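All heavy atoms count here, side chains included; hydrogens, waters and symmetry mates do not. Everything quoted here is computed from the prediction, not taken from an experiment.
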Amino acid sequence: MKQAVQIKENVYWVGVRDLNNRHFHGELYPIEEGTTYNAYLIVDDQVTLIDTVEAEFADECIERIVSVLGDRPIDNIILQHAEPDHSGAFVKIYAKYPNAKVYASQGGVRNMKAQYFGDVPIQVLKTDDTMSTGKYTLTFVEMQMIHWPDNMLTYSPELKVVFSNDAFGQHIVNYQMTDENLDRWYCIEQAKEYFANIVLSYTAQVKAKLNLILSKNWEIEYIMPAHGIIWKQYIPDILAAYQKFANLENKNKVLIVYQSVWNHTQQIAESMAEGFAAGGMEVKIYKLSETKSSIVFREAMDSKLICLGSGTYNNDMSYSVAAFLEHLRAAKLKGKKGLTFGAYGWFPKVPSILDEKMAEAGLEMVQNAIGQSFSPNQEQLDNYYETAKEIAKNL
């Protein structure tokens, strides 16, 4: 039988580890080591389950619950988010505990009924609503659009625990459960990657809710998200990092991404990379077809300048560059500058098309697109180096 993991007195992790998942949210978010779907059990005068797991793991979640409760029933089920990775197991869990009272935000009620059923009574929770389980009080905060309209967060002042659902999540699979045996930089970078690929379009909402939470001056010993590790040692660090993420704070950094047919566009990219570095900028450079999109957007989030290059494929940009542009548009990045470049043979328009698409995505272009006919010679490569160096000094 799968066992629950006790996190602190009367609080247990009853989630699952999806070790074979390499594409979170379909193709949207490639991940390295799988993920977790975290559900939590509070054992008090009333037993409360916070969130569930994906449907295929329902039996494993139930085993962990039973390892704590035995034949004792669950009294309350709090659904903080109706997305299937958090709610999919609800139907099976509710069938086992049919007398449990079920709670969700107003959006959560609507989404649960639309996805699974129409007759289970669900009570609506709003921001600042509270519930007593006996020794413990639960306070709720709606977290609309972080990253669905139905998200919410639960805080217990007696436990000093925030159950944060998707907020502060990451894809770290750690059998010790908390951040205490892990490197701080690694944990923050994983949270940054999650933010960049799941929450980035909703920075205004994150900023507002983060300010609201901080204004409450909650004592927090644990942040327990719906994915990844539980925050304990690095709570000040992740809160500070989220403020930076939400403000889209730029470093003196350039991200160069490209796709190249015959290495000509790649030569331009590499010459510019050296020029930007000589001008004092941190440089990240990736070939799109060889790099996971999750890494690219993690680096885009705090880059001051994004450079995009494409060779010419049947009189058009490459498929991977087109996909990047669509993702960039959806991300709604603010305060970024852009530059486009590319090599061509007889059709010279792709760099200027990239220029238009980058501007449509909200970037301010630092100059006209750089176009290169066939192979760049050394003088041309030196010019690209100098152009980048000059741009870096003037940003």
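- Y97 is linked by a ring-ring contact (aromatic ring centres under 6.0 Å, His included) to nothing, counting only residues two or more places apart in sequence or in another chain.
- The salt bridge (Lys or Arg N to Asp or Glu O under 4.0 Å) test applied to R184 returns D237, not counting sequence neighbours.
- Applying the ring pair (Phe, Tyr, Trp, His ring centres under 6.0 Å) test to every pair with at least one member in residues 172-193, sequence neighbours left out, gives no pairs at all.
- For the salt bridge (charged side-chain N to carboxylate O under 4.0 Å, His left out) condition, no pair includes a residue of residues 378-395, sequence neighbours left out.
- Within the structure, ring pair (Phe, Tyr, Trp, His ring centres under 6.0 Å) pairs that include any residue of residues 260-291 do not occur (at least two apart or interchain).
- Residues forming a ring-ring contact (aromatic ring centres under 6.0 Å, His included) with H147 (at least two apart in sequence, or on another chain): H25, H81.
- Within the structure, the ring pair (Phe, Tyr, Trp, His ring centres under 6.0 Å) test picks out the following pairs touching residues 204-225 (sequence neighbours left out): Y155-W218.
- In this view, F245 and F195, Y242 satisfy the ring-ring contact (aromatic ring centres under 6.0 Å, His included) rule, not counting sequence neighbours.
- Pairs engaging residues 126-148 under the salt bridge (charged side-chain N to carboxylate O under 4.0 Å, His left out) rule: D44-K135, K126-D129, D128-K216 [sequence neighbours left out].
- Residues passing the ring-ring contact (aromatic ring centres under 6.0 Å, His included) test with Y103, sequence neighbours excluded: none.
- The salt bridge (charged side-chain N to carboxylate O under 4.0 Å, His left out) analysis of residues 287-297, with sequence neighbours excluded, yields the pairs E32-K292.
- The stretch residues 340-381 participates, sequence neighbours left out, in no ring pair (Phe, Tyr, Trp, His ring centres under 6.0 Å) pair at all.
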